[in-house]
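Below: one structure, written as structure tokens.
Here the structure is a predicted model, which means the values were calculated and not measured.
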Amino acid sequence: MTSRGLIQKLEKERDLTNAGLVQLIQGLTPDDEKELFARARAVREAEYGKAVYVRGLIEFTNICQNDCYYCGIRKSNTKAERYRLTPDEILCCVREGYRLGFRTFVLQGGEDPWYTKERLAAVIHSIKKEFPSCAVTLSVGERTREEYMCWREAGADRYLLRHETADESHYRRLHPEDMSLRSRMECLYTLRDLGYQTGAGFMVGSPGQTVDNLVSDLRFLQQLRPHMIGIGPYLSHPDTPFAGEPDGSCRLTLILLAVLRLMFPGVLLPATTALGTIAPDGRERGLLAGANVLMPNLSPESVRTKYELYHDKIHTGAESAMHLDELRRRVESVGYCIVTDRGDSRIG
């Protein structure tokens, strides 16, 4: 089947054979790409109209007990300048975000042992008590079912946990022996079972990744049926074992965003900071490939450069929540409009 035929089939049936997915990922001409992106836009607009949802991102700690080989805040990176926001500082960020118009807040951090089940539950409860109509999203890694349940009961609505790869051998290439793909996947199913709007996702172009790995990622996502899917190009960090590895591809990330939109029409699909880092217009191109979420940074200016998962991460200008007008102009320049409500997923 031609690539155009595969694009039409994917739009209609939400699925292809493995060989068809490989052909879409690897074999598109520039004209084919335009067709793919146009169909992805049509599907996202049928689901969400022209709305682009913004989330206020609060990176509240870069202390992490894990040692993932690709990550700039891995515990073995002695060059990282560590920080941890206090609960009061987090609440101040939320207040500022609410004043600016944000109605969803993403608390993201490394797996920091100081933020115990009880401490983080107290933060969530404080946010929901002061701003009951807002959504709270957590992204703090692999935790126990008991912790996830406690935070859900405290008021957390969503949880982001990228699976990074669905292939066991590729997972081993990216992580130390004390981490397991099985544990990561069990966490994701637990989160969905507890009623979180659940987000998964993967890096595009991470060391050792093959096209078959990408197909495995898509198959896993079909099984999980997450409400959110976050993907972005792999970007290397000089203070990790993967220093010097080539970065991922903006083009391939855009193709996969469009494929994901056709496979999961109602999913929340961010144009990530990594996409904006690898290309100056990366986020705009992401929106034109089917994305419908942006996550500008609400963290205090003093710590933004310290949450460096990868090198040269953008943190100023339109990436800053304090410059929402600039971001609004950039979004409108490609035909969309920022919406500051909760923006829940259309996936049940």
Side-chain angles (χ1 to χ4, degrees), residues 14 40-58 93-94 97-98 100-108 120 123-140 148-149 151-163 187-201 221-232 257 260-273 283 286-287 289-298 321 324 327-328 331 336-348:
R14 313 302 185 210
R41 287 196 298 276
V43 168
R44 69 87 78 200
E45 288 171 21
E47 291 285 336
Y48 291 101
K50 298 287 187 179
V52 173
Y53 300 110
V54 290
R55 298 10 181 144
L57 177 62
I58 303 170
C93 292
V94 172
Y98 190 87
L100 292 169
F102 290 88
R103 297 299 180 263
T104 290
F105 302 97
V106 181
L107 307 187
Q108 179 174 300
L120 193 52
V123 172
I124 297 163
H125 183 265
S126 295
I127 294 171
K128 295 295 279 195
K129 182 178 180 180
E130 191 166 342
F131 305 104
S133 64
C134 292
V136 173
T137 302
L138 302 178
S139 182
V140 291
Y148 291 149
M149 186 179 299
W151 299 333
R152 183 83 179 104
E153 291 171 351
D157 303 277
R158 303 169 181 153
Y159 202 104
L160 307 178
L161 180 64
R162 298 210 307 190
H163 66 278
C187 285
L188 283 162
Y189 283 112
T190 296
L191 288 162
R192 216 183 189 297
D193 183 56
L194 291 173
Y196 283 93
Q197 290 186 39
T198 304
L221 292 169
Q222 285 179 315
Q223 295 171 16
L224 180 66
R225 293 191 71 249
H227 304 85
M228 303 164 278
I229 300 174
I231 70 169
L257 279 172
L260 288 165
R261 176 57 68 197
L262 295 183
M263 293 180 74
F264 305 95
V267 79
L268 293 167
L269 197 59
T272 60
T273 301
R283 283 170 304 187
L287 297 177
N292 67 327
V293 173
L294 296 171
M295 296 170 61
N297 204 316
L298 270 174
L324 195 56
L327 187 62
R328 183 175 284 110
V331 169
Y336 292 102
C337 60
I338 281 180
V339 176
T340 55
D341 65 27
R342 287 170 53 110
D344 290 312
S345 169
R346 304 294 169 87
I347 291 179

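Distance alone, capped at 3.5 Å, places no donor-acceptor pair between the R55 side chain and the F102 backbone. Judged by distance alone, with hydrogens and angles left aside, the side-chain atoms of D157 form no donor-acceptor pair with the main-chain N or O of T137 at under 3.5 Å. Counting only distance, with no hydrogens or angles, the side chain of R44 and the backbone of A51 share a donor-acceptor pair below 3.5 Å. A donor-acceptor contact shorter than 3.5 Å links the side chain of Y48 to the backbone of G266. For the pair K128 (side chain) and C134 (backbone), a donor-acceptor distance under 3.5 Å is present.
In this structure, T272 has no side-chain hydrogen bond (donor to acceptor under 3.5 Å, both in side chains) partners at least two apart in sequence or on a different chain.
Atom CD of residue E47 and atom CG of residue N292 lie 9.5 Å apart, to the nearest 0.5 angstrom. Note that the CD1 atom of I347 and the CD1 atom of I229 stand 6.5 Å from one another [nearest 0.5 Å]. To the nearest 0.5 Å, the span separating OG1 on T340 from OH on Y53 amounts to 11.0 Å. To the nearest 0.5 angstrom, R162 atom CZ is 12.0 Å from L188 atom CG.
Taking the side chain as every heavy atom from C-beta outward, F105 and L298 approach each other to under 4.5 Å. No side-chain heavy atom of Y159 sits under 4.5 Å from any side-chain heavy atom of T198. Residues R328 and L324 form a side-chain contact, since some pair of their non-hydrogen atoms from C-beta on lies under 4.5 Å apart. Side-chain contact between P226 and L221 is present, with heavy atoms from C-beta onward closer than 4.5 Å. Residues V54 and V331 fail the side-chain proximity criterion, which asks for heavy atoms closer than 4.5 Å. Residues Y148 and C187 have side chains in contact (heavy-atom distance under 4.5 Å, counting atoms from C-beta outward). With a 4.5 Å cut-off on side-chain heavy atoms, N297 and T273 do not count as touching. Two residues are said to be in side-chain contact when any heavy atoms from C-beta on lie closer than 4.5 Å; R346 and P265 fail this criterion.
Across all non-hydrogen atoms, the minimal contact from R152 to L194 is NE-O, 3.3 Å. For P270 against G230, the heavy-atom pair with the smallest separation is CD-CA, 4.2 Å. Among all heavy-atom pairs drawn from S139 and L160, the shortest one is OG-O, 3.2 Å. Residues R261 and V267 approach most closely at NH1-O, 2.8 Å, considering heavy atoms. The shortest heavy-atom contact between L224 and A200 is CD2-CB, 3.8 Å. Between L294 and A271, the shortest heavy-atom contact is CD2-O, 3.6 Å.
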* To do: Under the side chain to side chain contact (heavy atoms under 4.5 Å, CB included) rule, what do W151 and L138 come out as? Steps first, then yes or no, please.
  => CA-CA 9 Å; W151 299 333; L138 302 178; 3.8 Å; yes

* **side chain to side chain contact (heavy atoms under 4.5 Å, CB included) assessment of V140 paired with L107** => CA-CA 8 Å; V140 291; L107 307 187; 5.7 Å; no

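Here salt bridge (Lys or Arg N to Asp or Glu O under 4.0 Å) pairs that include residues 188-197, with residues two or more places apart or in two chains, are R145-D193.
In this structure, R225 is not positioned above the aromatic face of F264 in the sense of NZ or CZ being under 6.0 Å from the six-membered ring centre and within 45° of the axis. Taking the ring axis of Y98 as reference, the NZ or CZ atom of R103 stays within 45° of it and closer than 6.0 Å to the ring centre.
A donor-acceptor contact closer than 3.5 angstrom is absent between the side chains of R158 and S345.
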